[in-house]
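To start, the structure itself, in structure tokens.
Note: hydrogens, waters and symmetry copies are ignored here, and every other heavy atom, side chains too, is used. These numbers were taken from a predicted model, which means no experiment stands behind them.
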Amino acid sequence: MWLFGRKGPSGFSSSSTAEEVTQGIDGTGLTAIVTGASSGIGTETARVLALRGVHVIMGVRNVAAGRDVKEAIVKEIPTAKVDTMELDLSSMASVKKFAADFSSSGHPLNLLINNAGIMATPFMLSKDNIELQFATNHIGHFLLTNLLLDTMKKAARTSKREGRIINVSSEAHRYTYKEGIQFDKINDQSGYSSFAAYGQSKLANVLHANELAKRLKEDGVDITANSLHPGAIVTNLFRHMGPISGLVNIFGKIALKNVQQGAATTCYVALHPQVKGRSGEYFKDSNIGQASAHGRNVELAKKLWDFSMKMVK
């Protein structure tokens, strides 16, 4: 709990902010995509990366909200390089269009921050007939990452700078269905639990990063892949949770991180030199943490990769 704010080996703690963990770091010449950047920690991640000189492309479902965020960032930081592009992660067609548009823009890509997410929604299917939390939080990002990988490999080669892929997961990955991922029952409404389904999608973020890290290492590519827990934060992720939403707003100010602290671990993993060469790790509070037993299961990660590949084909 951040009230105690004890520093870890990195020199940072749960109360460190995104600005603090990137103090003195120059991101000039880097280009980042941040998904879900029109609200919450996505907005703060985009702002702080831009503050450090990174060219930020915000992938947003709500383009008008994205434009407002861009204007606010540029007003505060006149030198900021920020662009918005439409991206709905629950739709494979939207993900493919975004990736194609980005590739044709000619921009390099050094940092891919898979941040967007929905939480504890009632049972719904995506446009591609996949349970909505699994579709948005995992499959959309899995597909996006695959489609942008060649662009990232090229940038890593030509710039001689390490590429970094970051999956924003959650400690909720520990509270999934008992088998971890319900491969045979992804769309099963009868056994659906909104919280377990959220945990399942967040476990998928961890497993995706781990398997990707392994594959990138085998390919000898200078790109890392990591996952992280941003901390319990007061954001609009809680909007589907009825009475809990009100309690979060009342008590959250005491017990939870603010958005500046919530974006810290993402910005740390994206930019800090301490993280160079670290891949397949799970970070929390701007330090290396440990994922659950499911999250460290190599066979489960491989099975999820193959399952996801079939889904996006």
Any donor-acceptor N or O pair under 3.5 Å, side chains T35, N115: no
Spacing of L30 atom CG and L271 atom CG [to the nearest 0.5 Å]: 7.0 Å
So D150 and K154, salt bridge (Lys or Arg N to Asp or Glu O under 4.0 Å) or not? Walk me through it. CA-CA 6 Å; D150 283 345; K154 186 181 170 191; over 6 Å; no
When you look at V221 and M152, which way does the side chain to side chain contact (heavy atoms under 4.5 Å, CB included) test go after all the steps? CA-CA 10 Å; V221 183; M152 288 197 77; over 6 Å; no
Surrounding NZ of K153 (heavy atoms of other residues, nucleotides or ligands, distance under 6.0 Å), is the total greater than 12? yes
Quick one: are Q182 and D188 in side-chain contact, heavy atoms under 4.5 Å? no
Least distance between heavy atoms, I130 atom then M311 atom: CG2-CE, 4.0 Å
What do the steps show when you test T145 against N114 for side-chain hydrogen bond (donor to acceptor under 3.5 Å, both in side chains), and what is the final call? CA-CA 8 Å; T145 304; N114 292 321; 3.1 Å; yes
For S227 and N210, does a side-chain donor sit closer than 3.5 Å to a side-chain acceptor? no
Any salt bridge between D306 and K310, counting N to O under 4.0 Å? no
Between E211 and K302, is there a side-chain N and carboxylate O pair less than 4.0 Å apart? no
Backbone N/O of T31 and side chain of N110: donor-acceptor pair under 3.5 Å: yes
Looking at S91 and K127, what are the two nearest heavy atoms and their distance? CB-CD, 3.9 Å
Side-chain donor/acceptor of N297 to backbone N/O of E299, under 3.5 Å: yes
Group every Ile, Leu, Val, Met, Phe, Trp and Tyr by side-chain heavy-atom contacts under 4.5 Å, then state whether V269 and I165 land in the same group. no
Sub-3.5 Å donor-acceptor pair from the side chain of S38 to the main-chain atoms of G66, do we have one? no
Given D285 and K257, is the salt bridge (Lys or Arg N to Asp or Glu O under 4.0 Å) satisfied, shown in steps? CA-CA 10 Å; D285 299 333; K257 290 186 180 186; 2.8 Å; yes
Report yes or no: does S16 contribute a side-chain atom to a donor-acceptor pair with the main-chain N or O of E20 at less than 3.5 Å? no
Give the cluster check for V275 versus L212: same hydrophobic cluster or not, with ILVMFWY residues linked at side-chain heavy-atom distances below 4.5 Å. no
Hey, is NZ on K303 packed in by over 12 heavy atoms from elsewhere, all under 6.0 Å? no
Do I233 and V48 belong to the same hydrophobic cluster, where Ile, Leu, Val, Met, Phe, Trp and Tyr are linked whenever their side-chain heavy atoms lie under 4.5 Å apart, directly or via other members? no
So R47 and I73, side chain to side chain contact (heavy atoms under 4.5 Å, CB included) or not? Walk me through it. CA-CA 6 Å; R47 185 188 74 82; I73 291 173; 4.1 Å; yes
Within a 6.0 Å radius of atom CZ on R278, are there more than 12 heavy atoms belonging to other residues, nucleotides or ligands? no
Heavy-atom donor-acceptor pair, T224 side chain to G277 backbone, under 3.5 Å: no
Looking at K202, is its backbone amide N or carbonyl O close enough to the side chain of H173 to form a donor-acceptor pair, meaning the two atoms are under 3.5 Å apart? no
Ring center gap for H141 and H208 short of 6.0 angstrom: no
What are the two closest non-hydrogen atoms of I223 and R164, and how far apart are they? CG2-N, 4.4 Å
Would you confirm whether E131, through its side chain, and A197, through its main-chain N or O, come within 3.5 Å as a donor-acceptor pair? no
Test side chain to side chain contact (heavy atoms under 4.5 Å, CB included) on L228 and Y282; report intermediate values, then the result. CA-CA 5 Å; L228 63 89; Y282 175 77; 5.7 Å; no
Could you report the tightest heavy-atom contact between T84 and M58, atom names first, then the distance? CG2-CE, 3.1 Å
Shortest non-hydrogen separation from G191 to Y177 and the atoms involved: O-CE2, 3.8 Å
In short, S10 meets S286 closest at the heavy-atom pair OG-O, 2.7 Å
Show the numbers, then the answer: is there a side-chain hydrogen bond (donor to acceptor under 3.5 Å, both in side chains) between S90 and D88? CA-CA 6 Å; S90 71; D88 177 358; 2.8 Å; yes
Keeping the roles fixed (side chain from N137, backbone from I118), state whether a donor-acceptor pair exists under 3.5 Å. yes
Examine the side chains of H138 and N205 and answer whether a donor and an acceptor come within less than 3.5 Å of each other. no
For the side chain of D222 and the backbone of A156, is there at least one donor-acceptor N/O pair under 3.5 Å apart? no
Can a side-chain donor-acceptor contact be found between T28 and D26 if the only test is distance below 3.5 angstrom? yes
Taking E218 for the side chain and R215 for the main chain, is one N or O donor matched with an acceptor at less than 3.5 Å? no
Does F123 have any ring pair (Phe, Tyr, Trp, His ring centres under 6.0 Å) partners at least two apart in sequence or in another chain, and if so, which? Y192
Once you round to the nearest 0.5 Å, how far does CG of L256 lie from OG of S14? 11.5 Å
Test of understanding: clusters of I, L, V, M, F, W, Y form through side-chain heavy atoms closer than 4.5 Å, transitively. Do M85 and L147 belong to the same one? yes
Indicate whether any N or O donor in one side chain lies under 3.5 Å from an N or O acceptor in the other, for T22 and R52. yes
